[in-house]
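Quick caveat, the model's predicted, so the values are computed rather than measured.
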Amino acid sequence: MGNYDALLVLSFGGPEGPDDVVPFLENVVRGRNVPRERLLEVAEHYQSFGGVSPINEQNRALVSALRDELDVPVYWGNRNWHPFGEETVLRMKDDGVARAAVFATSAFAGYSSCRQYYEDIARISIEGGPELIKMRHFGDHPGFVEAMADRVRVALEKIGRPARLVFTAHSIPTSMAAVSRYEEQLRRSAALVSRALGRTEEWDLVWQSRSGPPEVPWLEPDVLDHLRTLDEPVVLAPIGFVSDHMEVVYDLDTEARQLADELNLPMERAATVGTHPRFVAMVRELMEEPQPVACAPGCCLPLTRSPGRTRPQGS
């Protein structure tokens, strides 16, 4: 299988109880000069769900499905919470793993969604440990497209009438978007999903989870602003996320749902790909591809950080 003897699922991580929330967020914002009050504001989002992000349980489900799909061991590590990537790589070394594919749970280009995973791999790699090879972006892979189309199809059937299809993804500063293929890849993926559904109607790509001071431009329109412009039923499709983590369940299932109800706007939210069988099979297919080419040195650079200009991103 691509000369790999293991797979490492590398993800963002998330708290699993109220006492985990603040330490987790402190890990996320380390070195970013995020004001304490902003961190505590985001912490309240987690506490409203019992201090638990759905991402870890969904990663456990994905790892279980991958173990059924693959004939090599599957490991799991996180950037910001247990099990940390460092801990997992030590275990892989003890298990004698020599060369592992790394599946990052982000489909598209961008600093946080791609380059930072390369940084994670460099940080957690150890002498005598496994060689870690990050697999490519997969937003245009048929496995991702078909799985997302299935999720959207269910939501369209549930709403039961013609509906506007609105794809959502995490907003990023326009300065970061300018040095990555993030927006381009998302638009291509959305077009492929719409085509897979056999739709000829127009679709929209909007953004969510914007943060930072108002003078710093981010990708727009925001999903809430966009909902206010619609006068027809809508299906929200969180194409920018592979699992229903905090920014999905809070920004879409809580805030967007509340606004849609206030507007008397019929709305359904499509599920993320999660453990869809086609998505799980896609990981195996990625492992069978030739070794991917790493990103160019100038691609997906981070935003120059200054006090108050970044905030913790949920998971």
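For Lys93 (side chain) and Glu127 (main-chain N/O), a donor-acceptor pair under 3.5 Å exists by modelled atom type. Listed for the Arg67 side chain is a donor-acceptor partner under 3.5 Å among the backbone atoms of Val74. The main-chain N or O of Thr272 is never found under 3.5 Å from a side-chain atom of Ser243 such that the two would form a donor-acceptor pair. In this structure, the side chain of Ser53 engages the main chain of Ile55 through a donor-acceptor pair within 3.5 Å. Of the possible polar contacts, one joining the Asp20 side chain to the Glu16 backbone as a donor-acceptor pair under 3.5 Å is found. Distance alone, capped at 3.5 Å, places no donor-acceptor pair between the Thr254 side chain and the Asp251 backbone. Distance alone, capped at 3.5 Å, is enough to place a donor-acceptor pair between the Glu87 side chain and the Phe84 backbone. Distance alone, capped at 3.5 Å, is enough to place a donor-acceptor pair between the Ser189 side chain and the Gly139 backbone. One N or O on the side chain of Asn78 and one on the backbone of His82 form a donor-acceptor pair closer than 3.5 Å. Not a single donor-acceptor pair under 3.5 Å links the side chain of Arg188 to the backbone N or O of Asp140.
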Chi angles and distances behind the side-chain contact (heavy atoms from CB on, under 4.5 Å) call for Phe12, Val28: CA-CA 9 Å; Phe12 190 84; Val28 175; 3.9 Å; yes
Working for side-chain contact (heavy atoms from CB on, under 4.5 Å), residues Leu25 and Val42: CA-CA 8 Å; Leu25 291 174; Val42 175; 4.2 Å; yes
Criterion side-chain contact (heavy atoms from CB on, under 4.5 Å) on Leu10 and Phe103, from CA distance to verdict: CA-CA 6 Å; Leu10 190 58; Phe103 179 71; over 6 Å; no
side-chain contact (heavy atoms from CB on, under 4.5 Å) evaluation trace for Ser180 with Tyr111: CA-CA 8 Å; Ser180 79; Tyr111 175 69; over 6 Å; no
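To the nearest 0.5 Å, the span separating SG on Cys299 from OH on Tyr118 amounts to 9.5 Å. Summarising the geometry, atom CE belonging to Met267 is positioned 7.5 Å from atom CG belonging to Asp253; distances are rounded to the nearest 0.5 Å. Rounding to the nearest 0.5 angstrom, the gap separating the CE atom in Met287 from the CG atom in Leu66 is 9.0 Å. Atoms NE2 and CD, on His141 and Glu285 in that order, are 4.5 Å from each other to the nearest 0.5 Å. Remark: Arg284 CZ to Glu69 CD distance equals 4.5 Å, nearest 0.5 Å. Interatomic distance, Leu265 CG to Asp231 CG, rounded to the nearest 0.5 Å: 8.5 Å.
Residues Tyr182 and Phe138 fall within the same hydrophobic cluster, defined by Ile, Leu, Val, Met, Phe, Trp and Tyr side chains chained together at heavy-atom separations under 4.5 Å. Hydrophobic clustering, with ILVMFWY side chains joined whenever heavy atoms are under 4.5 angstrom apart, groups Val273 together with Leu70. Cluster membership for Phe279 and Met148, using ILVMFWY side-chain heavy atoms within less than 4.5 angstrom, is shared. There is no path of hydrophobic side-chain contacts, each under 4.5 Å, that joins Val248 to Met246. Leu165 and Val206 fall into different hydrophobic clusters, defined by Ile, Leu, Val, Met, Phe, Trp and Tyr side-chain heavy atoms under 4.5 Å apart, directly or through other members.
Side-chain N/O atoms of Thr105 and Ser11 include a donor and acceptor closer than 3.5 Å. Gln291 and Tyr4 are not linked by any side-chain donor-acceptor pair at a separation below 3.5 angstrom, with hydrogens and angles left out of the test. Side-chain contact of His245 with Gln58: a donor-acceptor pair under 3.5 Å is absent, judged by distance alone.
Looking at Pro292 and Ile133, their side chains come closer than 4.5 Å, going by heavy atoms from C-beta outward. Counting heavy atoms from C-beta on, the side chains of Pro73 and Met92 never come closer than 4.5 Å. The shortest side-chain heavy-atom distance between Phe167 and Leu236 does not fall under the 4.5 Å cut-off. Looking at Leu252 and Pro238, their side chains come closer than 4.5 Å, going by heavy atoms from C-beta outward. At a threshold of 4.5 Å between non-hydrogen side-chain atoms, the residues Glu268 and Val152 do not count as touching. Considering only heavy atoms from C-beta on, Val235 stays 4.5 Å or farther from Val166 through its side chain. Using a 4.5 Å cut-off on side-chain heavy atoms (C-beta onward), Glu202 and Arg164 make contact. The shortest distance between side-chain heavy atoms of Leu263 and Leu259 falls below 4.5 Å.
Ion pair Arg79/Asp120 flagged as a salt bridge, since at least one NZ, NE, NH1 or NH2 atom sits closer than 4.0 Å to an Asp/Glu carboxylate oxygen. Using a 4.0 Å cut-off between charged nitrogen and carboxylate oxygen, Arg278 and Asp150 do not count as a salt-bridge pair. With respect to the salt-bridge test (charged N to carboxylate O, under 4.0 angstrom), the residues Arg153 and Glu157 do not qualify. One finds a salt bridge joining Arg36 and Glu26 here, because a Lys/Arg side-chain nitrogen approaches an Asp/Glu carboxylate oxygen to under 4.0 Å. Under 4.0 Å is where a charged nitrogen must lie from a carboxylate oxygen, and between Arg123 and Glu86 at least one such pair does. Arg210 and Glu220 are not joined by a salt bridge, as no carboxylate oxygen comes within less than 4.0 angstrom of a charged side-chain nitrogen.
More than 12 heavy atoms of other shown residues, nucleotides or ligands fall within 6.0 angstrom of atom CD in Glu232.
When every heavy atom of Leu39 is checked against every heavy atom of Val34, the shortest pair comes out as N-CG1, 4.3 Å. Across every non-hydrogen atom of Ala107 and His137, the tightest pair is O-CB, 3.4 Å. Among all heavy-atom pairs drawn from Glu183 and Leu219, the shortest one is OE1-CD2, 3.6 Å. The shortest heavy-atom contact between Pro15 and Phe24 is CD-CD2, 3.4 Å. Closest approach of Val97 and Ala6 over heavy atoms only: CG1-CB, 3.6 Å. Ala149 and Ala196 make their closest contact through CB-CB, 3.9 Å (heavy atoms, listed as atom of the first residue, atom of the second, distance).
Ring pair Tyr250/His45 is parallel by interplanar angle, where below 30° counts as parallel and above 60° as perpendicular.
Exactly one residue among Leu90, Leu132, Val102, Thr88 makes a side chain to side chain contact (heavy atoms under 4.5 Å, CB included) with Ile124. That residue is Leu132. The only option from Val223, Leu186, Thr168, Ile172 that meets the side chain to side chain contact (heavy atoms under 4.5 Å, CB included) definition with Trp207 turns out to be Leu186.
Stacking of Arg91 on the aromatic ring of Tyr75 is not recorded, the 6.0 Å distance cut-off and the 45° axial limit not both being met.
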